[in-house]
Amino acid sequence: MIDPDRRPKADPARRDRATRQIAAAPETLYGCWTDAAKLARWLPPDGAEAHIEALDPRPGGALRMVLRFAPGTPGKAGDAHDVVRARFVTLEPPHRLVLDIRFPSLDPAFDGTMRMAWRFDPAPGGCLASVEATQVPPGIEQDIHERALASSLANLDRLAQTL
């Protein structure tokens, strides 16, 4: 057992971010968060597939998801997969969702609760979609995480164009 005082700690000043202008209404993008089939299509970053085990978009409600990657790709929960356990903290339809997220792992570098805030702000021609992660576990590299967040927003943009 690892001494809790010796576990790596999240940098309180760290902010992982991504934004994207999307030609869709905030209501459309927010709806992509509250529909499990749509969420599984856009949230996984490039190279990943999602299986949504639970989605209860209300304060205190759960999101449970398994992300699968190509064989041999390291994952937080083991070879080629991540397990995501989240609780919705705040929902302000259609503009904002906040979740607290944990990644069950034997690696203490992934220990902790990350907070993610998603925003869909009206802008000319649609909205500005953004995400900011704080209290990111130190095992998640910032540049890789920000590329993954940008990838999810690009997926959301593609999905929104089909709705």
Side-chain angles (χ1 to χ4, degrees), residues 1-2 6-11 14-24 28-57 61-89 97-120 126-163:
M1 187 81 171
I2 295 175
R6 300 193 66 175
R7 288 185 180 173
K9 303 281 187 222
D11 176 355
R14 178 175 166 183
R15 303 276 188 270
D16 295 3
R17 297 181 176 114
T19 60
R20 186 176 184 100
Q21 179 74 28
I22 299 178
T28 299
L29 301 184
Y30 190 92
C32 291
W33 247 112
T34 59
D35 178 296
K38 290 176 185 171
L39 188 64
R41 288 178 57 193
W42 73 266
L43 187 58
D46 289 341
E49 292 182 1
H51 172 71
I52 308 294
E53 296 178 338
L55 177 63
D56 183 10
L63 166 63
R64 289 192 305 275
M65 174 175 60
V66 176
L67 293 173
R68 298 261 177 222
F69 307 101
T73 304
K76 296 171 196 67
D79 187 42
H81 75 286
D82 286 353
V83 175
V84 178
R85 300 285 184 247
R87 290 266 172 237
F88 288 92
V89 176
L97 299 105
V98 178
L99 299 99
D100 282 343
I101 302 169
R102 295 186 64 83
F103 300 100
S105 176
L106 295 176
D107 185 340
F110 298 113
D111 192 37
T113 301
M114 174 174 63
R115 175 148 296 181
M116 257 189 182
W118 295 80
R119 294 192 57 86
F120 306 114
C127 75
L128 183 64
S130 62
V131 57
E132 179 180 83
T134 58
Q135 295 300 312
V136 179
I140 300 173
E141 295 179 39
Q142 186 168 11
D143 62 329
I144 293 170
H145 193 216
E146 288 183 332
R147 283 196 308 268
L149 296 172
S151 173
S152 293
L153 288 175
N155 295 338
L156 179 59
D157 189 358
R158 282 190 291 280
L159 175 61
Q161 301 320 309
T162 68
L163 300 177

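These numbers come from the heavy atoms of this one structure, side chains and all, not from hydrogens, waters or symmetry mates.
In this structure, E141 places its CD atom where only 12 or fewer heavy-atom neighbours from other residues, nucleotides or ligands lie under 6.0 Å away.
Residues L43 and M65 meet the side-chain proximity criterion, which asks for heavy atoms closer than 4.5 Å. The shortest side-chain heavy-atom distance between W118 and L99 falls under the 4.5 Å cut-off. Side-chain contact check for V131 versus S152: every heavy-atom pair is 4.5 Å or farther apart. Residues F103 and V84 form a side-chain contact, since some pair of their non-hydrogen atoms from C-beta on lies under 4.5 Å apart.
Contacts of A154 classified as side-chain contact (heavy atoms from CB on, under 4.5 Å), with partners at least two apart in sequence or in another chain: R20, R158. Among residues two or more places apart in sequence or in another chain, the side-chain contact (heavy atoms from CB on, under 4.5 Å) test is passed with R147 by D143, I144. R85 is linked by a salt bridge (Lys or Arg N to Asp or Glu O under 4.0 Å) to E53, counting only residues two or more places apart in sequence or in another chain. With sequence neighbours left out, D35 forms a salt bridge (Lys or Arg N to Asp or Glu O under 4.0 Å) with no residue at all. By the salt bridge (Lys or Arg N to Asp or Glu O under 4.0 Å) test, D46 pairs with no residue at all, sequence neighbours left out.
Residues F120 and W33 come closest through the heavy atom pair CZ-CD1, 3.7 Å.
Sorted by first and then second residue, the pairs that involve residues 64-76 and meet salt bridge (Lys or Arg N to Asp or Glu O under 4.0 Å), not counting sequence neighbours, are K76-D82.
A salt bridge is absent between R102 and D100; no separation between the charged side-chain nitrogens and carboxylate oxygens falls under 4.0 Å.
With rounding to the nearest 0.5 angstrom, the NZ atom of K38 is 13.5 Å from the CD1 atom of I52.
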